[in-house]
Amino acid sequence: MKWSQFFIQTLREAPSDAEVVSHQLMVRAGFIRKVAAGIYNYLPLGLRVLRKIEDIIREEMNAAGATEVLLPIIMPRELWDQSGRWKVYGKELLRLKDRHERDYCVGPTHEEAITSLVAGELRSYRQLPLNLYQIQTKFRDEIRPRFGLMRGREFIMKDAYSFDVSEEKAMETYRQMEKAYRRIFDRCGLQYRSVEALSGAIGGNVSHEFQVLASSGEDEILSCDHCDYAANADKAQVRSEAQGQKTSELLVCEKVTTPQKTSVEEVAQFLNLKPYHLVKTLIYVLEQDQSAVAVLIRGDHEVSEGKLQSLLNGATMQLADEKTVQKVTGGPCGYSGPIGLKGISLYADESVRSMKNFVVGANEAEVHWVNANLDRDFKVERFADLRRVQKGDSCPRCEKGRYQSHRGIEVGQVFYLGTKYSTPMGVRFLDENGKEKTAFMGCYGIGVGRTAAAAIEQNHDEHGIIWPLPMAPFSVEILSLHKGEDEVLREAQKIYEKLTEKGIDVLIDDRNESPGVKFKDADLIGIPWVIIIGAKSLARQEVEIKERRTGQKQTLSVKMVVDKIVEVLNA
RNA sequence: CGGGGCGUAGCGCAGCCUGGUAGCGCACUUGCUUGGGGUGCAAGGGGUCGUGGGUUCAAAUCCCACCGCUCCGACCA
């Protein structure tokens, strides 16, 4: 490709709204341009990167036995009513009406569409296993889109959906997909970790995320420093350590005045106790029907909203505001407690189960109960692991390990779904005994644009992007340092043609620009290998090749350069 | 949703406080110049000053409303 024909617009300065390097560099180097918050144009260079990533994904998905389809962007409400997610999904689901006032949504994910398609066609176990995928534009109306392609509203995603005859077979497929994902990200040349994860609004109970390690990552991932357990901080399991019981005897529960003491710290200090003698009561409001739930957790712990979401079957929720707290508990913020709470579900973290004689709010201003006890004073509807683990906490899987914290960019996630969608949407078939069965599903996503962004976060320097070869828009850039129509340009074009004939993606900078401009732009757009052709060296029948990543240059004879490039690209 | 900031040429910004009809750098056009790390010089083109309303002889500038963008926060009771 000739630069002069390719529509590459580079910028000296990054737009002021670009915060993270991948965003700044993608804009500066002319890969993307913003259209609206979280919505971008992909320019030719950007598109080529997306296509490279997509090609790798296609090859590995096909190799793993999946088949490509293309599902609609816009879907009718009925589809989402069948799965129940029209109500559950929340504001991220962009809803719209057609001219007949019928409800539609823009697909944030396609379980409904695929399940409905397969439900209509599946008759026999002979048609299984089935694994269908697509690479499609999705839309999620994020609260706060930012970081360019890393958290856009419109984005390109590869999503795959598998159907199997049994849970065992489905788990086999799941593991196979997990392997395919490893191959994909290995091939992309990224440093990543596969970590255990929650399934959020998608549902299901087994899930792994593929996290590209980068300090700018939005997710916290915790890994054991001793064994190979690693998980998203939202999901990371807890090793229970009972503490805080001075005595097992149940003491008399009584009210105490705690003037102006609303935080755990303040109350603990005031009562001369440790934070772990307290139990916090958090009121959450479900987005779907605005109903409230109360969550109990030990004073020194924090709630994992991800774990809570799993407990609530994927429903999205938010911490209640002051007004709601007042309405639900009868008392102001800071004094909520489980005793006497009526009309709402009461959940508690496992660590509360073993606590005795603890402190809780009394649902009235400036009053707490001391020596509160489970069952005697109030009843918990359900105990669950609801605590957010922190760096330094003990690993639940091995004896010695402690959690280390890293930042990660989630580029892919695999889910085992079971029959969550196949049951309500009627994905059934007859087994070899003629008995009707429901298919077991899995689903598997990869953010294509986000993978590109993550690659830049991990591979750049002060001059620009350093693309890993497999996803680079071009493998080689030829810098022709010519003046006008001279011998340098002609020689550069010859080399360009030879490389192109060999099927190599080559970009030739044939502009009438000064050398400095070309060097700067080459570093910015980050093509892995650069061939530099100038008048002086050409007079000696020599050219230079330079590796973007290391900056190392070597001088070669004009005759050898094509072979050398082929060699380094295959290395 | 709450709070802050911003909205002036394609991009980055100044001008606003103290009203008098818009400027700088980059980019772009033309000419010359230069030619291995964003060459230099000169001459140009380009702006409903986010939108609407108000105050005023006069508004980018002051006031009000709205819209958009952006950052932070989103409550641990």
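Convention: sequence-line order gives letters A, B, ...; per-chain numbering from 1. What you see is a predicted model, and the numbers here were worked out from it, not measured in a lab.
- For the C1' atoms, the distance from B:U51 to B:A60 is 14 Å, rounded to whole Å.
- Although no hydrogens or angles enter the test, the distance criterion places no donor-acceptor pair under 3.5 Å between the side chain of A:R140 and the main chain of A:L93.
- Residue pairs that meet the salt bridge (charged side-chain N to carboxylate O under 4.0 Å, His left out) test with at least one member in residues 549-560 of chain A, sequence neighbours left out, do not exist here.
- Pairing for B:C24 goes to B:G12, judged as Watson-Crick or G-U wobble with the two contacts each under 3.5 Å.
- Within the 4.0 angstrom heavy-atom criterion, base atoms lie near A:I283.
- Looking at heavy atoms from C-beta onward, A:S336 lies in side-chain contact with A:N363 at the 4.5 angstrom threshold.
- Candidate nucleotides B:G35, B:C71, B:C76 were compared by shortest atom distance to the side chain of A:V303, and B:C76 ranks first.
- Surrounding NZ of A:K97 are more than 12 heavy atoms belonging to other residues, nucleotides or ligands, all under 6.0 Å away.
- Candidate nucleotides B:C76, B:U70, B:G37 were compared by shortest atom distance to the side chain of A:F519, and B:G37 ranks first.
- Within the nucleic acid shown, A:K536 comes within 4.0 Å of sugar-phosphate atoms alone, with no base atom in reach, counting heavy atoms only.
- Among the protein residues, A:G361 comes within range of no part of the nucleic acid, since none of its heavy atoms lies under 4.0 Å from any strand.
- Regarding A:H368, its NE2 atom lies at a distance of 12 Å from the C1' atom of B:C76, rounded to whole Å.
- Looking at residues two or more places apart in sequence or on another chain, you find no ring-ring contact (aromatic ring centres under 6.0 Å, His included) involving A:F147.
- Atom OH of residue A:Y496 and atom CD1 of residue A:I533 lie 13.0 Å apart, to the nearest 0.5 angstrom.
- Between A:I297 and A:L538, it is A:L538 whose nearest contact on RNA chain B lies nearer the 5' terminus.
- In this entry the distance linking CG of A:D17 with C1' of B:G68 reads 12 Å, nearest Å.
- The CG atom of A:L282 sits 13 Å away from the C1' atom of B:A74 (whole-angstrom rounding).
- Atom C1' of B:C13 sits at a distance of 14 Å from the matching atom of B:C49, rounded to the whole Å.
- Straight-line distance between the P atoms of B:C64 and B:U18: roughly 15 Å, to the nearest whole Å.
- Checked against the 6.0 Å centroid threshold, A:F474 and A:F6 count as a close aromatic pair.
- Here B:C76 is the nucleotide among B:C11, B:C76, B:G37 with the atom lying nearest to any side-chain atom of A:L319.
- The backbone N or O of A:S304 lies less than 3.5 Å from no partner atom in the side chain of A:D234, so there is not a single donor-acceptor pair.
- Distance noted for atom P between B:G15 and B:U8: 14 Å (whole Å).
- Straight-line distance from the NZ atom of A:K91 to the C1' atom of B:A74: 13 Å, rounded to whole Å.
- Applying the 6.0 Å contact sphere to CD of A:Q260 captures no more than 12 heavy atoms from other residues, nucleotides or ligands.
- Comparing A:Q318 and A:E13 by the nucleotide of RNA chain B that holds the closest heavy atom to each, the one mapping nearer the 5' end is A:E13.
- A:S263 comes within 4.0 angstrom of sugar-phosphate atoms only, judged by non-hydrogen atoms across all strands, and of no base.
- Nucleotide B:G7 forms a pair with B:C67, judged by Watson-Crick or G-U wobble geometry with both contacts under 3.5 Å.
- Using atom P as the reference point in both B:C62 and B:C17, the two lie 5 Å apart (nearest Å).
- Heavy atoms of A:L479 sit nowhere under 4.0 angstrom from any nucleic acid atom.
- In a base pair of the Watson-Crick type (N1 to N3 plus N6-O4 or O6-N4) or a G-U wobble (N1-O2 and O6-N3), with each distance short of 3.5 Å, B:G2 is matched with B:C72.
- Base pairing annotation: B:G31 forms a Watson-Crick or G-U wobble pair with B:C41, both donor-acceptor distances under 3.5 Å.
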All N/O contacts under 3.5 Å from nucleotides 38-46 of chain B to the protein, with atom names and distances to one decimal?
{"residue": "B:G38", "atom": "O2'", "partner": "A:R12", "partner atom": "NH1", "Å": "3.1"}
{"residue": "B:G38", "atom": "O2'", "partner": "A:R12", "partner atom": "NH2", "Å": "2.7"}
{"residue": "B:G38", "atom": "O6", "partner": "A:R28", "partner atom": "NH2", "Å": "3.0"}
{"residue": "B:G38", "atom": "N1", "partner": "A:D521", "partner atom": "OD1", "Å": "3.4"}
{"residue": "B:G38", "atom": "N2", "partner": "A:D521", "partner atom": "OD1", "Å": "3.2"}
{"residue": "B:U39", "atom": "OP2", "partner": "A:S514", "partner atom": "OG", "Å": "2.4"}

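- As judged by a 4.0 angstrom heavy-atom cut-off over every strand, A:V27 is placed among residues making no nucleic acid contact.
- When the P atom is used for both B:G5 and B:G45, the distance is 38 Å, rounded to whole Å.
- The base-pairing partner of B:C49, taking Watson-Crick or G-U wobble contacts with both distances under 3.5 Å, does not exist among the strands shown.
- Summarising the geometry, the separation between CZ on A:R548 and P on B:G37 is reported as 17 Å, rounded to the nearest angstrom.
- Protein atom CG of A:N512 is 12 Å distant from nucleotide atom P of B:U29, rounded to whole Å.
- Using a 4.0 Å heavy-atom cutoff across all strands shown, A:A320 reaches at least one base atom of the nucleic acid.
- The side chain of A:K34 has B:U70 as its nearest neighbour among B:C76, B:U70, B:C71.
- Here the separation of B:C26 from B:C63, taken at their C1' atoms, is 36 Å to the nearest Å.
- Going from atom CG of A:L481 over to atom P of B:G37 covers 9 Å, rounded to whole Å.
- The listed nucleotides are B:G35, B:C76, B:C71; the one nearest the side chain of A:K483 is B:G35.
- Going from atom CG of A:D234 over to atom P of B:C76 covers 18 Å, rounded to whole Å.
- When the C1' atom is used for both B:U56 and B:G20, the distance is 12 Å, rounded to whole Å.
- Listed nucleotides B:C13, B:G35, B:C71 differ in distance to A:S16; the shortest reach to its side chain belongs to B:C13.
- Note on A:T281: a base of the nucleic acid sits closer than 4.0 angstrom, heavy atoms only.
- Taking 4.0 Å as the cut-off between side-chain N and carboxylate O, A:K307 and A:D385 count as a salt-bridged pair.
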